[in-house]
Amino acid sequence: MTSRLALRGDLLDFTADPGFAATAEASGLRWRPDHWLLIEDGHIINAQPAGSVDSEPDASWQRIDHRGRLILPGFIDTHVHSPQLDVIASHGGALLDWLERYTFPAEQKYADPALAEAGAARFVEALFAHGTTAAVVFPTVHKVSAEALFAAAQQRGMRLIAGKVLMDCNAPDGLRDDVDGAERDCTDLIQRWHGRDRLAYAVTVRFAGTSTREQLAMAGRLCAAHDGVFMQTHVAENTDEVRWIAGLFPEARSYLDVYERHGLLHPRAVLAHGIWIDDRDRALLHERGAQIAFCPSSNLFLGSGLFDWQAAADAGVTVSIASDVGGGTSLSMLRTLADGYKVQSLRGLRLTAWKLLHAATRGAAQSLGLAGEIGSLDAGCVADLAVWDWAVGAVAMHRDGLAQDSRDLHERVFAWMTLGDERNLAATYVAGERVY
Ligand code: GUN
Ligand code: ZN
């Protein structure tokens, strides 16, 4: 029997990239206040105005009234580390120091299957509790940590892209693999999980600093040999890191060029940060169709730098936005977007809520090649949704009231995005099932 679910609320999504235009000129926004969103067997089939007797879904529908709330596509976090919930908000240190002091010791523990399983469940549930329904995730070097993550996502019907982390040098004991063992593990994981339900494999090079040339070449071969696999890594996050990589790979023109030389740049490549890149790198990213995951919270917290979104856009590079927990300090994409606004503000660019929200929904889906499945409220998409209260707490309620009086939708949505976080979340649905 067909399952039928109708959700009533203010529907907000995008049909195209609003770009850097000022609010008044924004295109691509789709705003449907007080509508029913109709979901059959986990897929969105239609939306219709609410409020009149003829437009009520009939008794064959399970009706849930979220009137007065926002309904958006679930957020897509294009770069986040599942084991790093254990080190989120750790004091002191820039990237390389932070990795050594906090991150590597925490990740060592994920060799334990029971700990990996509990950590994966905690992580996936936490994403849902922040309104995120799809993610591109780093577990650890341990095969069991990738297994546990895939299994946790599969049990919950979630769209997940992940892969065992590759690192065969410059890392402590218990956190290194080797080329042959890693190739066997990756091949096995790809066969087991890639393309199964809503899961996809990402060849996961931690960063150029923790893989030998031989391992990078093996990662490139995996990308070439397996249809549709993603690639994820970090690039040019921190100036000390960039200098270190230049010393390790003197033959490369730039940090990004290390990946290019090993066949790792392609349309399903997601590279976190890209702060310290130049125009030749941007041209190369564009040419290869690879995307940057901008991680503003992490970049501020670790003091890494201010990503140049305008230059990336001018070069035709696709940019999504990501929490990068535990370098980032919140799984909340609302907080992440608010940080993104502030970082770009420091560069003199005032992004609209439309541009930011698009980057965390349809924009991310498009750059991952998944726009037919996630990121919007289009008919045919899977019903991965988050339902939000406009305001929580006296200050936000006061501000929201004034924004309503102004009748300026952008003012209201921008205040929601800037003041909101997971406390605003009323419900999360994955494939039409309530998961939070
Ligand atoms: N570069 C290599 N590993 C990491 C990581 O775990 N977090 C961040 N932010 N950057 C990295
Ligand atoms: Zn990261």
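Start at 1 and go down the list; that is how both ligands and their atoms are numbered.
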Return a yes/no value for [X]: is any of its N or O atoms, backbone included, closer than 3.5 angstrom to an N or O of ligand 1?
X: W98; value: no
X: Q84; value: yes
X: R206; value: yes
X: E107; value: no

Quick one: look at T210 and ligand 1, take heavy-atom pairs under 4.0 Å, and tell me if it's side chain, backbone, both or neither.
neither
Report the part of E241 in contact with ligand 1, treating N, CA, C, O as backbone and CB onward as side chain, heavy atoms under 4.0 Å; options are side chain, backbone, both, neither.
neither
Return a table of donor-acceptor pairs under 3.5 angstrom between the side chains of residues 112-123 and protein atoms on other chains or two or more places apart.
from, atom 1, to, atom 2, distance (Å)
D112, OD1, A114, N, 3.0

Does F294 have its ring centroid less than 6.0 Å away from the ring centroid of H79?
no
Between Y255 and H273, ring centroids under 6.0 Å:
no
Do R347 and W309 meet the cation-pi criteria used here (NZ or CZ under 6.0 Å from the six-membered ring centre, within 45° of the axis)?
no
pair I161-R268: side-chain heavy atoms closer than 4.5 Å:
no
Against heavy atoms of D324, which atoms of ligand 1 measure under 4.0 Å?
8 (C), 9 (N)
Under 3.5 Å, is there a donor-acceptor pair between the side chain of [X] and the main chain of [Y]?
X: D324; Y: G327; answer: no
X: K164; Y: H142; answer: no
X: D278; Y: D281; answer: yes

Keeping to residues at least two apart or across chains, list the ring-ring contact (aromatic ring centres under 6.0 Å, His included) pairs with something in residues 168-204.
F150-W193
What are the protein N, O or S atoms, given as residue plus atom name, that sit under 2.8 Å from the Zn ion (ligand 2)?
H79 NE2, H81 NE2, H234 NE2, D324 OD1
Identity and separation of the nearest protein heavy atom to atom 10 (N) of ligand 1:
E237 OE1, 2.7 Å
4.0 Å heavy-atom contact, H273 with ligand 1
yes
Would you list the pairs meeting salt bridge (Lys or Arg N to Asp or Glu O under 4.0 Å) in which at least one residue belongs to residues 136-152, sequence neighbours left out?
K143-D188, E147-R192
